[in-house]
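Here is the structure we will look at.
Chain letters run A, B, ... following the sequence lines, proteins first, then strands; residues in each count from 1.
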Amino acid sequence: MLTFTIRRLILSVPTLLFISLAIFLLLQLAPGDPMSQVPLTVPPEVKEKMRQALGLGEPVHVQYWKWMVQFFWIEPQVFIDWLTRESTLFAWLPDTSLYDGQLRMISWQTRGPVMDLVVQSLPQTLWVVGMSYVVGVLIALPIGIYSAYRHYSVFDQAGTFVTMIGFSIPPFFTGPLLIVIFAVQLDWFPSVYNTVHQVVDWDSFVIQLRQMILPVMVLALQTTAQISRYMRSAMLDNLNQDYVRTARAKGLKEGVVVMVHVLRNSMIPVITVIALGIPSIFGGAIITENVFKVNGLGYQLLIALFANDIPTVMTFTFIFAILIVLFNLIADVLYGVLDPRIRYD
Amino acid sequence: MTDQTEPTPTAIGALQDKGPVSEPRNQWLDVWDQFRRHKGAMLGGGFLIFITLFVLVGPLIWPVDAQTLDIRNKDMRPIYTALWDSTSKVGWHRPLGTDNLGRDILANLIEGGRASLAVGWAAMVLALVIGTAIGVLAGFFKKLDFWLMRFTDLVLSLPLLPLLLVAVTLFRQPLRANFGPETGMFILIVGIVGITSWMQTARIVRGDVLALKEREFILAARSIGTSNGKIIRRHLLPNVISPIMVSATLGLATAIITESALSFLGVGFPSDFPTWGKLLADAVPRMEEYPERVLLPGIAISLTVLSVNYLGDGLRDALDPRIRGR
């Protein structure tokens, strides 16, 4: 298992390199010019100097190499320095000073390091997306279990219908719909997510909870639809197996048979699906973040795209790629760990 | 060499060869019978045909131009609002109301549906063609298998929605300049949705081709000297048609949703070219006063995708010989 994990980790390096190259070349092909906003009165030789300063005069491979050095060498140094100096978790470690003033990735919008934007927005995305995923899974599992146990009952039919709807209604429709119903008509929850809100006491915690409910509901609807489908079919596969009859024949209580014997065996594929579904949730979060104005990765990406801010777009897209590759890896490893029938070597 | 003129003896009752009374049944008739039993799939298929006819024939029945500005009649409500609010501004000549520039919403919905469905079908066909080609090549030719499947895995781990956004924003201008604003955008969106959604089809087709390749009828075809191209066209493709059809329905649903999502995020078609996603996105800022402008295109998208999903569900059951006849 360990060798498999290590092999997969090593294999993900060329994957990530290829993805970063693909993104880089795509952005290179792009016709947009960051100098287009510069006033026409600026003389051409000054413009040329500005292009050089942005690193645009260099050949393509040099630009790519510099980006890689910045992303994989310089930014980790800054991060480690920050960890050992200011973070609450690792501040007890001796202060390091790996970073000595090399050029970092600079956003063309904010004129500050791109990583500052990432540090601001990644927790927002992870918080909202993660919370909605947890909520979605927690709702989906009981629905899936019960509709498999009462196969073809009214509950099962209704569950199938609701999951079909969950599949079919896109988040950019459920978002505005929920805003109209719960934020405008009923006035229960705020329609916009306030990202600078700080939780200090019980009241502010309630406000945070209320503003999270709508985006979490939108994202959780999709999650619930998918996971409950998988849970139902996995349970159905197992409920007719011989070991279930044996367990019943032994006189075990029905609850024990279903919730311990069947459920544990059914969870194997479902957990993989849960891990595999996380990346696609990040994609869906781009839309949800825009509907509720959550200042997360997707929202920042869209702003950077419209502002033609190539370094930020590059970095953010690559971070999405890292998240996808990482969770695919986790899913594969989990599958091997959980299912003793799977042997990778 | 004289023929025996002896008449054939008639068999006793129990030995009589009853034979097939009716003509042998076509496989597709069986599929249709199974499909008909799936109520959701029938409803879904019916709705898909209805909405397709609605957007195709609609302009003949409702010949109002979607782009005509009629400022005097702006912000009209749909006719059914009169049921509970007699003071609202309604009129039979604008049954679903008008938007803030006085454009007829029914005509816009028809136009938008045309664009959305056209993008959906075209992108689905493109994805199917790419996916089937790659799947068949990878399954049939051992040399290509490794590299094509590694490539498929790579594309699967790309962050697709961010890349779609990047590609549309970046290549909008040159394509618009070359093909005109609408055609250019159509080509761009169909192209990028198509080339980012073929992977599942390729994987399924490859798996089926790998299994079929070892069967006797392929060996028989090869033994009489059939060329590879003919084996693929005559023997393999007809046998993988059912998984292709199922993934076609899924592809249609994803393509419609992706196009609407791009329009919603503001990187889709130009502003004077309505699609369902675009109508929805334009209506969101004023949805408190005019909720129907969000609801109508949203319901249109959702119902179309829902019906396509049900259709796919029914097709999967109907095309699976293990389930059929149960």
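- Between the CZ atom in B/R114 and the CG atom in B/L109 there is a gap of 13.5 Å [rounded to 0.5 Å].
- Side-chain contact check for A/F320 versus A/I286: some heavy-atom pair is nearer than 4.5 Å.
- When the ring pair (Phe, Tyr, Trp, His ring centres under 6.0 Å) test is applied to A/F18, no partner is found at least two apart in sequence or on another chain.
- The greatest number of non-hydrogen atom pairs below 4.5 Å with chain A, out of B/D153, B/L163, B/T304, B/V305, is found for B/V305.
- The parts of B/L295 that come within reach of chain A are both its backbone and its side chain, each placing non-hydrogen atoms under 4.5 angstrom from that chain.
- The aromatic rings of A/F24 and A/Y64 lie tilted to each other, with the angle between the two planes from 30° to 60°.
- Proximity to chain A (any heavy atom under 4.5 Å) is restricted, for B/L280, to the side chain, taken from C-beta onward.
- Residues of residues 245-264 of chain B that come closer than 4.5 Å to chain A, counting heavy atoms only, are B/I257, B/S260, B/A261, B/F264, ordered by residue number.
- If you measure heavy-atom distances from A/F161 to chain B, the contacts under 4.5 Å come from both the backbone and the side chain.
- Other residues, nucleotides and ligands contribute at most 12 non-hydrogen atoms within 6.0 Å of the OH atom of A/Y230.
- Looking at A/L301, the atoms closer than 4.5 Å to chain B (heavy atoms on both sides) all sit in the side chain, from C-beta outward.
- For the pair A/Q124 (side chain) and A/N295 (backbone), a donor-acceptor distance under 3.5 Å is absent.
- Side-chain contact check for A/S168 and B/N309: at least one donor-acceptor pair (N or O, by modelled atom type) lies under 3.5 Å.
- Scanning for ring pair (Phe, Tyr, Trp, His ring centres under 6.0 Å) contacts around A/Y133 gives an empty result, with sequence neighbours left out.
- The existence of a salt bridge linking B/R150 and B/D145 is excluded, since no basic side-chain nitrogen approaches an acidic carboxylate oxygen closer than 4.0 Å.
- Remark: A/N328 engages no residue in a side-chain hydrogen bond (donor to acceptor under 3.5 Å, both in side chains) (not counting sequence neighbours).
- Ranked by heavy-atom pairs under 4.5 Å with chain A, the list B/L156, B/V308, B/L154 is led by B/L154.
- Heavy atoms of A/I165 lying under 4.5 Å from chain B belong to its backbone as well as its side chain.
- At a 4.5 Å heavy-atom cutoff, the contact between A/I169 and chain B is made by backbone and side-chain atoms alike.
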